[in-house]
2 protein chains.
Amino acid sequence: MKITIGEIARQASVSKGTVSRVINGKSTVAETTRKNVLAVMKRLGYEPDPVARELSMRTKHTLGIWVGAGENRLSPYFNLIWRALLREMQVRATQVVELPEDISHVRTRFDVVLVFNSDGVDGRLELLRERGVPAVLIGHHPGISCVAPDDMGGGRLAAHSLLSLGHRNLLHLTVACEVQWAQDRADGFTSVLAGSSLPGIQAATVKGEASVLGGYRLMRDAWLQGHRPTGVFCATDEIAVGALGALADLGVQVPGQVSVLGFDGLVELHPGLASVAQNIPAIAHQAVSLALAAIGKDTVRQTIVPVALIEGTTLGPAPKVS
Amino acid sequence: MKITIGEIARQASVSKGTVSRVINGKSTVAETTRKNVLAVMKRLGYEPDPVARELSMRTKHTLGIWVGAGENRLSPYFNLIWRALLREMQVRATQVVELPEDISHVRTRFDVVLVFNSDGVDGRLELLRERGVPAVLIGHHPGISCVAPDDMGGGRLAAHSLLSLGHRNLLHLTVACEVQWAQDRADGFTSVLAGSSLPGIQAATVKGEASVLGGYRLMRDAWLQGHRPTGVFCATDEIAVGALGALADLGVQVPGQVSVLGFDGLVELHPGLASVAQNIPAIAHQAVSLALAAIGKDTVRQTIVPVALIEGTTLGPAPKVS
DNA sequence: TCTGGGGATGAAACCGGTTACAAAGAAGTC
DNA sequence: GACTTCTTTGTAACCGGTTTCATCCCCAGA
């Protein structure tokens, strides 16, 4: 037999209302009754039924997560975000359900949805609007609440770091597919180079697959084709790890001859990797905050989470002129 | 203003009860009233509130998923299972919530939990039992409902395939950490070798990391240490992919000189890879079936899902004696 | 002493459904 | 024609909480 609020009320000789007030602490309750009710609750091991609570409070305490088909769920980055979200939700006593690709027939048991930016985002946002469910996007998108890392600032940070270490011959390894974040990182990077008054800056960009293997190939092929950068900026840490592998195979010293700088800050991927680190816990925190704040209201807020440089051991001063 | 069942009842000039009966189809309703009510529902775009329904039906239509910290969420295998589960849940109109590591303070908004087998499983199962929530495990465990692939049978299948292709000098690449599935695959494999009456069978086992890179190292090192198998059985496809890479780098022909057989059937990982394939959709289906069947009852059922051989292009007859 | 204000509490409505039960007709049986 | 039985439907209780409103009580101030 399940213990209900009524049972608590009876045993504590108070009304359901009082017990409810004790639970929620919204209204004042005499200290002695409060103690008493709490004691009874503890004695009986009472836990309020979340479903009943949802019904009367008209909020489901549930956040849906919608992951696009294009999103690479296998990437360490996605994984970290996902787990950070889980932790965040736990702190907020909110549960998270993952929505299937096609939500047109899903009953809305969530009060807000977090969307991972990817192709076809517009269609799904439209669908949500129809159903009156607010959405928060992880990534950039006009006209909707989003939270994203400072990709462009990160690109600039990378350029500044490399330049200040004396590097003048730079290579940017990035992904071939057209995604906003890659574009922003590249834009930030090249804008600094273009705006710099330092003499003798050379820079090239090559594009490939966003994986360790992809990074390996990019670096190896670029080197074999005669590129001789002293500083390599990789659009993701996975690419950077691959690049490091290629340089090792080519017998190139890191950071003696070449410095390698990644993006994302996934230190566990390769200890010592220098990287423009995203603040993943902060992104998760912001995303959930925005989402919870959006329930019921109709506000649009965009948040950019700052990035920071992890120096690591793959980044060093440019070698003296050869 | 939200459309409720009462509103439908009013507009259709019937009682709430009748509308409910139309929705659930449990009890008989005159055909003409049914049509009428459905028409009103459609006209107003009515959707029953899932929370209210959960409250009165005492079932949450929600399945919790609990992933151990030890589980490798980055593995393609995990990813496939996860997505298969999502699809399966969608079909059954059930939602899935992922539970955080520590559920001791999570309010139970689910009627059953699916647990991914991993270290410390006993403790968490105990926790669930206390809360009266049934659990179904993906993997093997005594005394609880589980569903798992036929690891041992798969090991046997691998051995039989290689033997029947004439291979006598075999190498098994597997993971160093002690997990049940790896043990079972190895046991199945070696039991066939041990039980075979064929002459001249040699077999070795080496253990390493369960990743592409791990497989690469295992294969390369084994070869450099003088192992000269003609058939290699890898405990996972990722190891197999790594092994293929190493063999390519060593200049060994596949399948001319060496055949490579993986396990899991992740064809997208490496087209043409021969593998003992798990039936992942079937596992997901069974897991969800068992889980839904376990709600309210207290039955224990264990299901083993058969595996099948994918021949691929990395498996061939043993070379003529050198 | 009378009055007013504020804190503590209980009663009851409400959230949006499901379902046991009863009642009203319709149809079938003897 | 009276009695059964079956189908269809309405009524009201219920699921387990929250919340509004009214009431009661106590104490300060005039």
Side-chain angles (χ1 to χ4, degrees), chain A residues 1-38 40-41 44-62 93 95 107-111 131-132 295-296, chain B residues 1-38 40-41 44-62 93 95 107-111 131-132 295-296:
Chain A
M1 180 56 192
K2 175 159 193 176
I3 301 144
T4 70
I5 202 174
E7 184 61 24
I8 303 293
R10 192 167 320 119
Q11 300 221 15
S13 311
V14 294
S15 70
K16 282 169 54 177
T18 301
V19 177
S20 174
R21 283 184 278 258
V22 168
I23 294 171
N24 298 294
K26 284 295 174 191
S27 173
T28 68
V29 176
E31 191 55 24
T32 58
T33 22
R34 213 178 68 84
K35 282 269 167 53
N36 181 25
V37 169
L38 284 175
V40 174
M41 277 171 44
L44 272 56
Y46 168 75
E47 276 196 54
D49 181 328
V51 176
R53 176 179 274 237
E54 282 162 24
L55 179 59
S56 55
M57 301 211 296
R58 280 168 279 290
T59 166
K60 313 191 183 56
H61 293 289
T62 298
Q95 73 181 351
R107 295 218 165 100
T108 64
R109 275 190 285 230
F110 34 86
D111 6 59
R131 293 173 153 239
I295 298 178
Chain B
M1 177 56 190
K2 177 158 191 174
I3 300 143
T4 70
I5 202 174
E7 183 61 23
I8 303 293
R10 192 167 320 116
Q11 300 221 16
S13 310
V14 293
S15 70
K16 281 169 55 177
T18 302
V19 177
S20 176
R21 283 183 278 258
V22 168
I23 294 170
N24 297 294
K26 284 294 174 191
S27 173
T28 68
V29 175
E31 191 55 25
T32 58
T33 22
R34 212 176 70 85
K35 282 267 168 50
N36 181 26
V37 169
L38 285 175
V40 174
M41 278 171 41
L44 297 173
Y46 168 74
E47 278 196 56
D49 181 327
V51 176
R53 178 179 274 237
E54 282 163 24
L55 179 60
S56 55
M57 301 211 294
R58 279 169 278 296
T59 169
K60 314 189 181 59
H61 293 290
T62 298
Q95 75 180 351
R107 297 213 163 106
T108 64
R109 274 189 285 229
F110 36 84
D111 353 73
R131 293 171 154 240
I295 299 176

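Just so we're on the same page: letters track the sequence lines, and every chain starts at 1. All values below come from the heavy atoms of this structure, side chains included, with hydrogens, waters and symmetry mates left out.
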* To do: May I ask you to verify whether the side chain of B/Arg21 and the base of D/dG10 hold a donor-acceptor pair under 3.5 Å?
  =>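 Present.
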Interatomic distance where [atom1] belongs to [X] and [atom2] belongs to [N] [whole Å]:
X: A/His61; N: D/dT18; atom1: NE2; atom2: P; answer: 10 Å
X: A/Glu47; N: D/dG17; atom1: CD; atom2: P; answer: 10 Å
X: B/Lys35; N: D/dT8; atom1: NZ; atom2: P; answer: 14 Å
X: A/Glu7; N: D/dG17; atom1: CD; atom2: C1'; answer: 15 Å
X: B/Lys2; N: C/dC14; atom1: NZ; atom2: P; answer: 18 Å
X: B/Asp49; N: D/dC15; atom1: CG; atom2: C1'; answer: 13 Å
X: B/Arg109; N: D/dG17; atom1: CZ; atom2: P; answer: 14 Å
X: B/Leu55; N: D/dA13; atom1: CG; atom2: C1'; answer: 13 Å

Considering all heavy atoms, the nearest [X]-[Y] contact:
X: B/Val19; Y: B/Ala9; value: CG2-CA, 3.7 Å
X: B/Arg34; Y: B/Val29; value: N-CG1, 4.0 Å
X: A/Val40; Y: A/Gln11; value: CG1-CB, 3.8 Å
X: A/Asn24; Y: A/Arg53; value: OD1-NH2, 3.6 Å
X: A/Thr4; Y: A/Tyr46; value: C-CE1, 3.7 Å
X: B/Pro48; Y: B/Ile23; value: CG-CG2, 4.4 Å

* Nearest-neighbour nucleotide for the A/Arg53 side chain, D/dT9, C/dC15, D/dG17 considered -> D/dG17
* To do: Tell me which nucleotide among C/dT9, D/dT7, C/dG7 gets nearest to the side chain of A/Thr28.
  =>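 Side chain of A/Thr28 sits closest to C/dG7.
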At under 4.0 Å, does any side-chain N or O of [X] touch on OP1 or OP2 of [N]?
X: B/Thr33; N: D/dT8; value: no
X: A/Ser56; N: D/dG17; value: no
X: B/Ser15; N: D/dT9; value: no
X: B/Thr18; N: D/dT9; value: no

* 5′-ward residue of the pair A/Met57/B/Met57 relative to DNA chain D -> B/Met57
Using a heavy-atom cut-off of under 4.0 Å over every strand shown, decide if [X] touches base, sugar-phosphate, or nothing.
X: B/Val29; result: sugar-phosphate
X: A/Lys16; result: base
X: A/Ser20; result: base
X: B/Val14; result: sugar-phosphate
X: B/Thr59; result: nothing
X: B/Thr32; result: nothing

* When you match B/Ile23 and A/Ala52 each to their closest nucleotide on DNA chain C, which lands nearer the 5' end? ->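 Of the two residues, A/Ala52 wins.
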